[in-house]
Amino acid sequence: MGNKIKIIIGGVILVVVIVLFFWVKSAMKDNYISLSSSEAIEPTPTQIQSIKDIGEWEFLSVSAEEMVDTVRKGFISDDELVRIYYGTLRLGIDMQKMEPGWIVTKGDSLEMTLPKVRLLDKDFIDEAKTKSFYESGKWSPKDRETLYQKAYRQMIQHCLTKENLEAAQSNGEAQMRNMMQQLGYKNITIRIEK
Amino acid sequence: MQKNIIMMRKKKPIIIACCSVLVLFLLLVTTTKCSSQDKEPAPTTLAQGIDTVPMLIMQVQKCSKLYAAEYRVHKIITHDDALRLKGQLMSKAFDLKVPLADRKIAIPMDAKIKAYIDFSEFSEKNIERNGDKITIILPDPQIVMTSSKIDQKNVKQYVGLTRAHFSDEELASYQQQGREAIIKSIPEMGITETAQANAAKVLVPMLKQLGYEEQNITIAFRKDLDVRHDFRELTRIND
């Protein structure tokens, strides 16, 4: 009789423990701990600083990506920063700088004097699009500005070539000729300012 | 001896119960999730091999685009990178800010946005003549961010004692997000309307040089583009 009671008590304890186990397990099922930080920037306003009327006629666009690096010699190891800059150089003519009389017409003949094509805008690097390629060590904003200037010089050197300027000039003449032909002029003479 | 056997028999259920509790406890410990990651595991993806080849790439393209309007915009990109301990214990959620682990950065940037009319497809279809009158039908203005510049001198940052400095990759990511935010705000700037009016400012003097009277010149645009400028009288809305 005494043994039976003990077996029953043991069984009850076992059942209670099993129930307790499943209850605790279900309560802890959704447990988690994480360390996190936000990667997104905060919403801030975009301010328009100026609105400008321009008349830049682009005849050739040269898109470039330039990889530049800087190395700082260290006692144990060297630090290095490598970035890839993106930019587009736009070559063409500024229509706002046209002199009066740059087009002379006589019947179906037209004589046009165009200026030499040039780089339309000196700001051509999209720095906010820059990719970080490799970084070791700590680098300051001043170092990044130096890299930007280096990329700027390299893009000018690689993209503002004689061949590209000639291609832009040639395309500019072709585009203007086509436009004037569409406007009904048959004999078109195009001169380039010296 | 017999007394000991009776005592053992008495203790047997208790020993069995204790052993069961121990086994269940061990099971509980081994099966309970204790993770330092987010509640929902990040989907595992295979590396796609998207590294950019480190070389200079240059693309030259002939075009005929009349840039008519230029907007200079300024934006201060800010990022507050507070470290937070988040989790859930026994169905109780918690979200605590970790002390001395703040990072903040402010990056001022300037950008140029330009609107242009593409003349590469310009043909007879773009011209309507009626006696002395001429109408030029222009394609829709297109908008492009032509440049952006980070004001590196005025970048301000604060890094807590327990945190690492902002890496170049992180800075590039914030700048790219700022660039995207500027692009998203372009439709609110009204640059399209300005470009329409300014295109007329360039084309009308050219057509006057060709011998047309100013009152006989019309620059036409599509119906859904509204023109608000002094050159409005020179424009017409087309279907």
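Here is the naming used below: chain letters follow the sequence lines, and residue numbers restart at 1 for every chain.
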(message) Using heavy-atom distances under 4.5 Å, tell me whether A:I93 contacts chain B through its side chain, its backbone, both, or neither.
(response)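 For A:I93, there is no contact with chain B at all, as no heavy atom is under 4.5 Å.
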(message) Using heavy-atom distances under 4.5 Å, tell me whether A:F124 contacts chain B through its side chain, its backbone, both, or neither.
(response)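 When you check distances to chain B, only backbone atoms of A:F124 fall under 4.5 Å.
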Starting at [atom1] of [X], measure out to [atom2] of [Y] and round the result to the nearest 0.5 Å.
X	Y	atom1	atom2	value
B:T146	A:I125	OG1	CD1	12.5 Å
A:S50	B:E70	OG	CD	6.5 Å
A:K131	B:D168	NZ	CG	13.5 Å
B:Q61	A:N171	CD	CG	10.5 Å
A:L183	B:I127	CG	CD1	4.0 Å
B:I76	A:I41	CD1	CD1	12.0 Å

(message) Under a 3.5 Å threshold, yes or no: a donor from one side chain and an acceptor from the other, between B:T78 and A:E42?
(response)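 Yes, side-chain donor-acceptor contact under 3.5 Å.
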(message) Does either side chain, that of A:D123 or that of B:S147, offer a donor lying less than 3.5 Å from an acceptor on the other one?
(response)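 Absent: no donor and acceptor within the cut-off.
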(message) Would B:K149 and A:Y148 count as a cation-pi pair here, with the cationic atom under 6.0 angstrom from the ring centre and within 45° of the axis?
(response)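 Flagged: B:K149 positioned over aromatic ring of A:Y148.
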Look at [options] and state which one has the largest set of heavy-atom pairs under 4.5 Å with chain B.
options	value
A:D126, A:T46, A:N178	A:D126
A:M98, A:R90, A:M155	A:R90
A:P43, A:G55, A:P100, A:S61	A:S61
A:P45, A:A128, A:S26	A:A128
A:G101, A:G92, A:A168	A:G101

Among [options], residue most engaged with chain A (heavy-atom pairs, under 4.5 Å):
options	value
B:A181, B:A172, B:S64	B:S64
B:Q157, B:R179, B:K75	B:R179
B:Q175, B:E180, B:K86	B:K86
B:V155, B:L207, B:D80, B:I182	B:D80

How about [X] and [Y]: do any of their side-chain heavy atoms sit closer than 4.5 Å?
X	Y	result
A:F59	B:K62	no
B:I77	A:T44	no
A:M95	B:L203	no

For atom [atom1] of [X], decide whether the heavy atoms of other residues, nucleotides or ligands shown that lie under 6.0 angstrom number more than 12.
X	atom1	value
B:K104	NZ	no
B:R129	CZ	yes
B:E124	CD	no
B:E121	CD	no

What is the minimum heavy-atom distance between [X] and [Y], and which atoms define it?
X	Y	answer
B:S120	A:Q175	CA-OE1, 4.4 Å
A:I54	B:V202	O-CG2, 4.1 Å
B:V60	A:N164	CG2-OD1, 4.0 Å
A:E127	B:I150	OE1-N, 2.7 Å
A:A40	B:Q177	CA-OE1, 3.3 Å
A:I103	B:M206	CD1-CG, 3.8 Å

(request) Look at the side chain of A:Q47 and the backbone N and O of B:H74, then say whether any donor-acceptor pair between them is shorter than 3.5 Å. (result)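 Answer holds: no.
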(message) Under a 3.5 Å distance rule, please check whether B:H165 uses its side chain to pair with a backbone N or O of A:W139 as donor and acceptor.
(response)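 Looks like no, no N/O pair under 3.5 Å.
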Where on [X] is there a heavy atom nearer than 4.5 Å to chain A: the side chain, the backbone, both, or neither?
X	result
B:I105	neither
B:D110	side chain
B:S185	side chain
B:I134	side chain
B:I107	neither
B:A68	both

(request) Carefully, step by step, assess A:K129 and B:S148 under the rule side chain to side chain contact (heavy atoms under 4.5 Å, CB included). (result) CA-CA 8 Å; A:K129 207 177 165 184; B:S148 63; 5.8 Å; no
(request) Examine A:W57 together with B:F119 and report whether their ring centres are nearer than 6.0 Å. (result)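 So the answer is yes for these two rings.
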(message) side chain to side chain contact (heavy atoms under 4.5 Å, CB included), that's the test. Do A:D121 and B:Y67 meet it? Break it down for me.
(response) CA-CA 11 Å; A:D121 196 334; B:Y67 289 85; over 6 Å; no
(request) For B:K92, enumerate each residue passing the salt bridge (Lys or Arg N to Asp or Glu O under 4.0 Å) test, keeping only those at least two apart in sequence or located in another chain. (result)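 Per chain and number, B:K92 pairs via salt bridge (Lys or Arg N to Asp or Glu O under 4.0 Å) with no residue.
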(message) Holding to salt bridge (Lys or Arg N to Asp or Glu O under 4.0 Å), I want the full list of residues that pass it with B:D81, two or more places apart in sequence or in another chain.
(response)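 B:D81 satisfies salt bridge (Lys or Arg N to Asp or Glu O under 4.0 Å) with B:R103, B:R163 only.
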(request) Please step through side chain to side chain contact (heavy atoms under 4.5 Å, CB included) for the pair B:L210 and A:M180, ending with a clear verdict. (result) CA-CA 10 Å; B:L210 292 172; A:M180 294 305 145; 4.0 Å; yes
(request) Please lay out, stage by stage, how A:E58 and B:Y116 fare under the test side-chain hydrogen bond (donor to acceptor under 3.5 Å, both in side chains). (result) CA-CA 9 Å; A:E58 179 192 2; B:Y116 67 86; over 6 Å; no
(request) Dump the intermediate steps for side chain to side chain contact (heavy atoms under 4.5 Å, CB included) on B:K201 and A:D53, then the final yes or no. (result) CA-CA 9 Å; B:K201 279 187 182 178; A:D53 298 352; 2.5 Å; yes
(request) Taking only Lys NZ, Arg NE, NH1 and NH2, and the carboxylate oxygens of Asp or Glu, determine whether B:K114 and A:E56 approach each other closer than 4.0 Å. (result)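 A salt bridge is present here (some side-chain N lies under 4.0 Å from a carboxylate O).
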